[in-house]
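Everything on this sheet refers to the single structure shown next.
The structure displayed is predicted, hence computed values, not measured ones. Residue numbers run from 1 in the order of the sequence given.
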Amino acid sequence: MTKSLKSLWARFLFQGRGILPAKRLLWLFSLLSIALIVVSIWDIPWPFLLTVNILVLIASLFDLLFSPKKKELSFKRISPAEMERGITYQVQIEITNDSPFALSFRLIDGVPQSFIQKFPLCGNVSNHSKALVSYEVIAPVRGEYEIDKIYFRYSSPLGFWEKQLTIEQTHAVKVIPDLTETKQYLENAQKFLLYEGVKIRKQQSGVGEFAKIRSYVVGDDPRNINWRQTAKLREVMTNEYEPEHGKYMTILIDCGRMMGAELKKGNRLEKSLEAAITVAAAALQKGDYVSVLAFSKDVKVFIPAAKGMAHLQTILQAIYNIEVDASESNYAAILHYLETMQKKRSLILLFSDVRTFLHEESALIYLKRIRQRHLFLMIGIEDMTLQKRIQMPPENAQIAMIKSIAQQQMLLKKKEKIKWEKQGLQMIEAREERLATAAVSSYINIMNRNLL
C-alpha cells in the first residue's frame, strides 16, 4: 500500500486530518444514480447525466461553507490522574465552538487499547457555545499510560460532508491497584473484620500499653477493674489496654511465575498487592513501622521501614506497576537479602504461592535463622480448582481418578505444611475475596496477643 493510500485509509479510521463524504451525501448520490438509470431508458445522452452528477456534487460542496473552521474549535480533556484497577471512572471532554455555525460531531478519545470504553461519542454543539461530553472508562491493567489524542469528526446541519481533526492533547494516567478493601478498613475496621468474629479482636488481659480508664461493661475481665477509681467515683471502672505501638512489619510480595495464575478477578499478584496495601494501612494506622519488598529472582522494589499514613502513599507509588516475571522466585536469595536489611525484630508477612514455597528446601535454612529474630507468617490463595476436583462426585472412572489425584496432592501439601510449621513457620491460605481480610485479621491477632 502506497503512502497516499495509507493516508486515505487512516482518514476513514478516524485518524489524521481531512474532509470525507458523509452518509447523507452517499445516500443522495445512490438515489440520484438510480433515478438517472431509470431515466436513461428514454435515450437521454450520457453527457447530460454526467453534468447532473457534477452539478449535484458542486452544490453539496456549499455545505462546507456552513461548517466551522478548524481554528474556531478548541478542546479540553478532564481526566483523573490516577485510576484504580477495575473501577469505573468518568472522563470529560469540553468542546468550544467559537464559529457562527452549529455542528454535529462524532468523537473518539485516544485511550489505550486495554481500557474498556464505548466509542464513538455523538452530539451537537451550538454556535458560540460550549458542550461537555463525558464517557465511562475502566482500566483493567495496572501501569502508567498516556491518553494522547482526540479524534474528532464534525459536519454542518446539512450533513453532506464531514471534516476530521486529530487533536494532540496528552494526559498521563496511573492505574493503581484496587483500594476498595483498604478504604473499607480505614472507614470501619470492625465491620471489615466482621466475618472473622469477636475472637479475632480479643486481646490478652493486661497485655500491651495502658490506654485509659473507662466504665465497666458486661464482658470485661474483672481482673482489670480499677478499685481505686471505683471507690472514688462509686462506679465500677476498668483499665483498658491496647497493643504496643511502634512494632515493625515487613511485607514480602512474590512476583514470580506462579503469581500470574488467573483468578476470577485478576491474578494472584493483583490480589496479593491489594491485600498487602490493606494490611500496610492497618499497621500504619496503629502506629507501626512498615517496609515492603517485592521480588522474583531478585529484588524488584524495596521500601525501607517508616510509620505514619503518609508512608502508605510512598508504598503505593513504589509498587503500583510491578508485574509478574516469567522466572521462578529465588526465595533463598531474597531471605538472605532480608536478613541483612532488617536488623530489628519484625513480623515478616510473605504473600506467595504456598504450594510452590513448600518445595523450596533451600529457603528453610534461611527461615530457621530468620525465625530466631523475627516472626514469620506466609499467606497464600486457596487453589479453588483443586478444591472443586476434590469435591466432585465419582460418577465414572475418569472423574474418580482425577478426584483421587487431587486428594493426593492435598495430602502432600498438608504433610509439607506440618513439617514447616514444626519449625515455627506459620502458613495460612484464604479464598481470593478474603485474602485482605485474612491478612489484616492475622496481623491484629498477632499484635493483640503480643507475639512480636
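Applying the side-chain hydrogen bond (donor to acceptor under 3.5 Å, both in side chains) criterion to S155, with sequence neighbours excluded, gives S104. The side-chain contact (heavy atoms from CB on, under 4.5 Å) search around A306 returns H311, not counting sequence neighbours. A search for side-chain hydrogen bond (donor to acceptor under 3.5 Å, both in side chains) contacts involving Q184 returns nothing, not counting sequence neighbours. Applying the side-chain contact (heavy atoms from CB on, under 4.5 Å) criterion to I138, with sequence neighbours excluded, gives T88, I116. Under the side-chain contact (heavy atoms from CB on, under 4.5 Å) criterion, A332 pairs with N330, S362, Y366, not counting sequence neighbours. Checked against side-chain contact (heavy atoms from CB on, under 4.5 Å), P222 has the following partners two or more places apart in sequence or in another chain: Y216, I225. Residues meeting the salt bridge (Lys or Arg N to Asp or Glu O under 4.0 Å) test with R257, sequence neighbours left out: E328.
Pairs engaging residues 131-148 under the side chain to side chain donor-acceptor pair (under 3.5 Å) rule: D109-Y135, R142-E270, E144-Y320 [sequence neighbours left out]. Pairs engaging residues 293-311 under the salt bridge (Lys or Arg N to Asp or Glu O under 4.0 Å) rule: K300-D325 [sequence neighbours left out]. Evaluation of the side chain to side chain donor-acceptor pair (under 3.5 Å) test over residues 167-176, restricted to residues two or more places apart or in two chains, returns R77-H171, K174-Q317.
Under the 4.5 Å side-chain criterion, counting only non-hydrogen atoms from C-beta, K417 is not in contact with Q426. In this structure, the side chains of F75 and L165 come closer than 4.5 Å at one or more pairs of heavy atoms. Contact of the L103 side chain with the N124 side chain is not registered, since no non-hydrogen atoms from C-beta on lie closer than 4.5 Å. Annotation: side chain of T96 is not in contact with side chain of S129 (no heavy-atom distance under 4.5 Å). Put simply, the side chain of V301 does not reach to within 4.5 Å of the side chain of V292, judged on heavy atoms. A heavy-atom distance below 4.5 Å is found between the side chains of L107 and I95. The shortest side-chain heavy-atom distance between I87 and L179 does not fall under the 4.5 Å cut-off.
Note on K413 versus E429: salt bridge recorded, some NZ/NE/NH1/NH2 to OD/OE distance being below 4.0 Å. Salt bridge status for K265 with E433: absent, with no side-chain N to carboxylate O gap under 4.0 Å. One finds no salt bridge joining D353 and R355 here, because no Lys/Arg side-chain nitrogen approaches an Asp/Glu carboxylate oxygen to under 4.0 Å.
When all heavy atoms of I315 and A280 are compared, the closest pair comes out as CD1-CB, 4.3 Å. Here the closest non-hydrogen pair linking A281 and T182 is CB-CG2, 3.7 Å. Across Y151 and G110, no two heavy atoms sit closer than the pair CE1-CA, 4.3 Å. Listed here is the closest heavy atom pair of P80 and Y89: CG-CD2, 4.0 Å. When every heavy atom of F115 is checked against every heavy atom of M83, the shortest pair comes out as CE2-SD, 4.2 Å. The two residues M258 and T356 have their closest heavy-atom pair at CG-OG1, 3.3 Å.
The distance from the CZ atom of F152 to the CZ atom of F105 is 5.5 Å, given to the nearest 0.5 Å. Here the NZ atom belonging to K271 is positioned 10.5 Å from the NZ atom belonging to K264, to the nearest 0.5 angstrom. The CZ atom of R268 lies 9.0 Å from the OG atom of S352; values are rounded to the nearest 0.5 Å. To the nearest 0.5 Å, atoms CG (L293) and CG (L252) are separated by 5.5 Å. Rounded to the nearest 0.5 angstrom, I213 CD1 and R228 CZ are separated by 10.0 Å. Put simply, CG on L269 and SG on C255 are 5.0 Å apart, with the number rounded to the nearest 0.5 Å.
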Q: Decide side chain to side chain contact (heavy atoms under 4.5 Å, CB included) for Y185 and V279; before the verdict, give the C-alpha distance in whole Å, the side-chain angles of both, and the deciding distance to 0.1 Å.
A: CA-CA 9 Å; Y185 175 82; V279 75; over 6 Å; no
Q. Going through the distances and angles, do N224 and T238 end up as a side chain to side chain donor-acceptor pair (under 3.5 Å)?
A. CA-CA 5 Å; N224 290 338; T238 184; 5.0 Å; no
Q. Could you walk me through whether N97 and Y154 pass the side chain to side chain donor-acceptor pair (under 3.5 Å) check?
A. CA-CA 11 Å; N97 179 14; Y154 67 98; over 6 Å; no
Q | Trace of the side chain to side chain contact (heavy atoms under 4.5 Å, CB included) decision for I176 with N321 | A | CA-CA 7 Å; I176 61 175; N321 59 350; over 6 Å; no
Q | Derivation and outcome, side chain to side chain contact (heavy atoms under 4.5 Å, CB included), residues I93 and L132 | A | CA-CA 6 Å; I93 298 177; L132 195 64; over 6 Å; no
Q: Go through the steps to decide whether V111 and V173 satisfy the test side chain to side chain contact (heavy atoms under 4.5 Å, CB included), and finish with yes or no.
A: CA-CA 10 Å; V111 298; V173 177; over 6 Å; no
Show me the donor-acceptor pairs within less than 3.5 Å that the side chains of residues 337-346 make with the rest of the protein, sequence neighbours left out.
residue, atom, partner, partner atom, Å
E339, OE1, R369, NH2, 3.0
E339, OE2, R369, NE, 3.2
T340, OG1, Y337, O, 2.6
Q342, NE2, T250, OG1, 2.9
K344, NZ, Y248, OH, 3.2
R345, NH1, R373, O, 2.7
R345, NH2, L451, O, 3.3
S346, OG, H374, ND1, 3.3

Show the atom names and distances, to 0.1 Å, of all donor-acceptor pairs under 3.5 Å that link a side chain in residues 375-387 to residues at least two apart or in another chain.
residue, atom, partner, partner atom, Å
D383, OD1, T385, N, 3.2
D383, OD1, L386, N, 3.3

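For M392, the CE atom is densely surrounded, since the number of other residues' heavy atoms within 6.0 Å is greater than 12. Open room surrounds CZ on R371; 12 or fewer heavy atoms of other groups in view lie less than 6.0 Å from it. Enclosure of atom CD in Q408 is not indicated, since only 12 or fewer non-hydrogen atoms of other residues, nucleotides or ligands lie within 6.0 angstrom.
A donor-acceptor contact shorter than 3.5 Å is absent between the side chain of N127 and the backbone of A102.
For N226 and N239, the side-chain atoms include at least one donor-acceptor pair closer than 3.5 Å. Under the 3.5 Å distance criterion, with hydrogens and angles disregarded, a donor-acceptor pair is assigned to the side chains of S215 and E235.
Results of the salt bridge (charged side-chain N to carboxylate O under 4.0 Å, His left out) test with E274 over R434, K183, R85 single out R85 as the only residue that passes. Screening K70, R106, R153 for a side chain to side chain donor-acceptor pair (under 3.5 Å) with Q164, the sole residue that qualifies is R153.
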